[in-house]
Amino acid sequence: MAAVGTAGGTGCPPTPVSPGSWHTPPSPLQPLLERAAAIEGELAQGEDKPFAEVTYCHSGDAVAAGRQPLAFLRQVAAICAYPELLGAECVPADAKRRAGRILRQLQGGSPGAYNLEYVTDTVAEKVARYLEQRDDGVPSNPRHIVPCGGTAAAMVDVVSLVVDETAAQPTGVLVPVPGPPLHGAAVGLAGAVAVPYPLAEEQGWAVAGEAVRRALRQARARCHPKVLCVVNPGDPTGHVLSRQNMEDIIRLAAEENLLLLADEVQQERAFLPGRPFLSFKRVLWELGAPLASTVQLISFYSLSKGAGGGGYRAGFFELVNIDPGVLKCFYAWGLSVYPPVLGQAMLEAAMEPPAPNEPSHPAAREYRQELLRDLAHNARLVQEVLGRAPGIRCRPLHGGARAFPRLQLPPRALRQARALGLEPDVFFCQELLEATGIVVAPGSVFGQPEGTHHVGLSLLPLAGTLERVLLALTRFHAAFQRDFS
């Protein structure tokens, strides 16, 4: 198997390196963020604007929105980095015990070593026990778990496994639209071809089997589709798949002989009690034979979407019905198996949260409950405020950290956008930023059904901030409609 980005797998970089070889177009969000930063500079210099500050409401980054990672995880990581804190009175006893146990398992008693054995043995074992609890007893083998430094590089590694550079056709990977832009970028970096399939907006962003099959039929003229990627809970759509929809997806993967990649990184943000998160592994297991033992599945988890933070770069993926020998590829490449050790210490601590009899338990429990309460409250706020606005429609939200409302834009605005060489949603977001100082993500960042226009809204800001954003958005949209009528 040739390494990613090398010539014939020799390990030597191609000469010259062509930017087009990465198949990754620039994000339409980047110019908005650059303009927002420039506006902040103009405000700092005293320029008169119709707003006092720039408000960012586009990201799924909880820490950037002001929510710090769980204190217990930070305390454990801090002690691992600086063991002298074991004597600090401000650190609870259970965090000291946990960090002391981790330090005894680290080479040289320090996260500064590579600590491969700690990552692949100790952390993987804790992950396996966590998954068994999550999935109501479905067995998990730690040898089938690969801890990684976040899911971005890991997805490139995984897709690279199925790329055959000697084949007549490139490998195809079915990716949902809308969906995280990471997927298309990872597919391109791995040397494969992204095959978009549309989610069914009118069905609450469900995965419609016929839409996937249609995408498959059309793609087979230009590539060999081998992988079906599914995101649950959805990002940016905020949906959580029903069990029936998941069973249908598994059967489709079996019929079409597709490897199923389950992006489940938003699982700890499923906030609607009536639509709980179920893992694809659990649903596959409960379907029984022959599917439970034949459908190949790789699922992803990220600490950044739970009690941790994206900057710590920690997560894992689990292989189901896949030859364990495949793990040797990850050991050889090194990308997934040399993650930052402090992040892995936090991941281990997250997999085994403080017990009810430990001093950190009440705060850890409240942290998770507060996150879900806040997301549920903000989701209701989005539905209520946008539900009253003519020309804006948002599907029900079940989980995740974003909403994806659909906007009606007048034909004159569409013509103006195209005259400027912009997607209509990008044009709308640029005008919104200049008039209100609010940054939202254009729907084209995530992909959207043809002829529709959306924006990605974060559910993570404080409720007061989000309500102000929503009211400003609805007022601006009404004025935009009038101005371009």
Worksheet item: Do side-chain atoms of Asp61 reach the backbone of Ala64 as a donor and acceptor pair under 3.5 angstrom?
Response: yes

Worksheet entry | side chain to side chain donor-acceptor pair (under 3.5 Å) between Asp425 and His454, worked out | CA-CA 7 Å; Asp425 58 313; His454 299 74; over 6 Å; no

Discussion item. With a 4.5 Å cut-off on side-chain heavy atoms, are Val320 and His144 touching?
Written reply: no

Worksheet item: Quick one: does Ser279's side chain have a donor or acceptor within less than 3.5 Å of a partner on Arg282's backbone?
Response: yes

Fill in: From Thr465 atom OG1 to Ile438 atom CD1, the distance as rounded to the nearest 0.5 Å
10.0 Å

Fill in: Charged N-O contact under 4.0 Å between Glu201 and Arg406
yes

Discussion item. Using modelled atom types and a 3.5 Å cut-off, is there a donor and acceptor pairing between side-chain atoms of Gln344 and backbone atoms of Cys148?
Written reply: yes

Worksheet item: Is the shortest side-chain N to carboxylate O distance from Glu370 to Arg373 below 4.0 Å?
Response: no

Worksheet item: Which residue, Val163, Val173, Asp164, Leu174, forms the side-chain contact (heavy atoms from CB on, under 4.5 Å) with Lys226?
Response: Asp164

Worksheet item: Could you go step by step and tell me if Gln267 and Arg134 meet the side chain to side chain contact (heavy atoms under 4.5 Å, CB included) rule?
Response: CA-CA 11 Å; Gln267 62 187 263; Arg134 182 199 68 183; 3.1 Å; yes

Worksheet item: Are the side chains of Cys223 and Val195 in touch, meaning some heavy atoms are under 4.5 Å apart?
Response: yes

Discussion item. So which atom in His183 and which in Asp263 form the shortest heavy-atom distance, rounded to 0.1 Å?
Written reply: NE2-OD2, 2.8 Å

Worksheet item: Under the salt bridge (Lys or Arg N to Asp or Glu O under 4.0 Å) criterion, do Glu286 and Arg243 qualify, and how do the steps go?
Response: CA-CA 11 Å; Glu286 292 174 348; Arg243 177 185 286 270; 2.8 Å; yes

Practice prompt. Begin from the C-alpha positions of Val455 and Leu407 and carry the test side chain to side chain contact (heavy atoms under 4.5 Å, CB included) through to its verdict.
Written response: CA-CA 8 Å; Val455 293; Leu407 308 179; 3.7 Å; yes

Item to complete: Look at the aromatic rings of Phe317 and Phe300 and report parallel, tilted or perpendicular, splitting at 30° and 60°.
Response: tilted

Worksheet item: Which heavy-atom pair separates Pro236 from Phe446 by the least distance, and what is that distance?
Response: CG-CG, 3.5 Å

Practice prompt. Report the relative orientation of the aromatic rings in Phe480 and Phe428; use parallel for angles under 30°, tilted for 30 to 60°, perpendicular for over 60°.
Written response: perpendicular

Worksheet entry | Asn257 atom CG: more than 12 heavy-atom contacts under 6.0 Å | no

Worksheet item: Between Arg418 and Glu423, is the closest basic N to carboxylate O distance under 4.0 Å?
Response: no

Discussion item. Could you walk me through whether Arg393 and Gln408 satisfy the side chain to side chain donor-acceptor pair (under 3.5 Å) test, starting with their C-alpha distance in whole Å, then the side-chain angles of each, then the deciding distance to 0.1 Å, before giving a yes or no?
Written reply: CA-CA 9 Å; Arg393 183 177 62 177; Gln408 179 182 333; over 6 Å; no

Worksheet item: Is the backbone of Gly209 close enough, under 3.5 Å, to the side chain of Asp248 for a donor and an acceptor to pair up by distance?
Response: no

Practice prompt. Report the C-alpha separation of His224 and Thr171 in whole Å, then their side-chain angles, then the decisive distance to 0.1 Å, and conclude whether the side chain to side chain contact (heavy atoms under 4.5 Å, CB included) test is met.
Written response: CA-CA 5 Å; His224 179 191; Thr171 297; 5.7 Å; no

Fill in: Ile145 side chain reached by Val123 side chain, heavy atoms, under 4.5 Å
no

Discussion item. Using 0.5 Å steps for rounding, measure from the OG atom of Ser458 to the CG atom of Asn378.
Written reply: 8.5 Å

Item to complete: In plain terms, say whether Glu256 and Arg217 are close enough for a salt bridge, that is, a side-chain N and a carboxylate O under 4.0 Å apart.
Response: no

Fill in: Matching residue for Ser140 among Glu318, Arg129, Glu132, Gln133 - test: side-chain hydrogen bond (donor to acceptor under 3.5 Å, both in side chains)
Glu318

Worksheet item: Atom CZ of Arg269 and atom CG of Asp235: how far apart are they, to the nearest 0.5 Å?
Response: 8.5 Å

Worksheet entry | Arg143 and Asp121 ion-paired at < 4.0 Å | yes

Worksheet item: Any side-chain heavy atom of Val240 within less than 4.5 Å of one from Leu272?
Response: no

Worksheet item: Taking everything shown except Gln169 itself, do over 12 heavy atoms lie less than 6.0 Å from its CD?
Response: yes

Worksheet item: Is a side-chain N or O of Tyr197 found less than 3.5 angstrom from the main chain of Leu228, in a donor-acceptor match?
Response: no

Worksheet item: Quick check: are there more than 12 heavy atoms from other residues, nucleotides or ligands sitting under 6.0 Å from CD of Glu202?
Response: yes

Discussion item. Whether Arg67 and Asp374 form a salt bridge (side-chain N of Lys/Arg under 4.0 Å from carboxylate O of Asp/Glu) is what I want to check.
Written reply: yes

Worksheet entry | Salt-bridge contact Glu268-Arg368 (side-chain N to carboxylate O under 4.0 Å) | yes

Worksheet item: Got Trp285 and Pro139 here, is their nearest side-chain heavy-atom distance under 4.5 Å?
Response: yes

Worksheet item: Rounded to the nearest 0.5 Å, how far apart are CG of Leu347 and CZ of Arg313?
Response: 12.5 Å

Practice prompt. Using the side chain to side chain contact (heavy atoms under 4.5 Å, CB included) rule, take Met351 and Tyr301 through it: C-alpha gap first, then chi angles, then the decisive distance, then the call.
Written response: CA-CA 11 Å; Met351 296 295 96; Tyr301 173 97; 3.6 Å; yes

Item to complete: Could you grab the distance from atom CD1 of Ile392 to atom OG1 of Thr474, nearest 0.5 Å is fine?
Response: 6.0 Å

Worksheet item: Hey, does the side chain of Gln266 reach the backbone of Gly234 with a donor-acceptor pair shorter than 3.5 angstrom?
Response: no

Fill in: Derivation and outcome, side chain to side chain donor-acceptor pair (under 3.5 Å), residues Arg380 and Gln383
CA-CA 5 Å; Arg380 289 193 298 271; Gln383 302 280 178; over 6 Å; no

Worksheet item: Would you say the side chain of Leu278 lies within less than 4.5 Å of the side chain of Met246, judging by non-hydrogen atoms?
Response: yes

Fill in: Separation between OG1 of Thr151 and CG of Leu182, rounded to the nearest 0.5 Å
5.5 Å

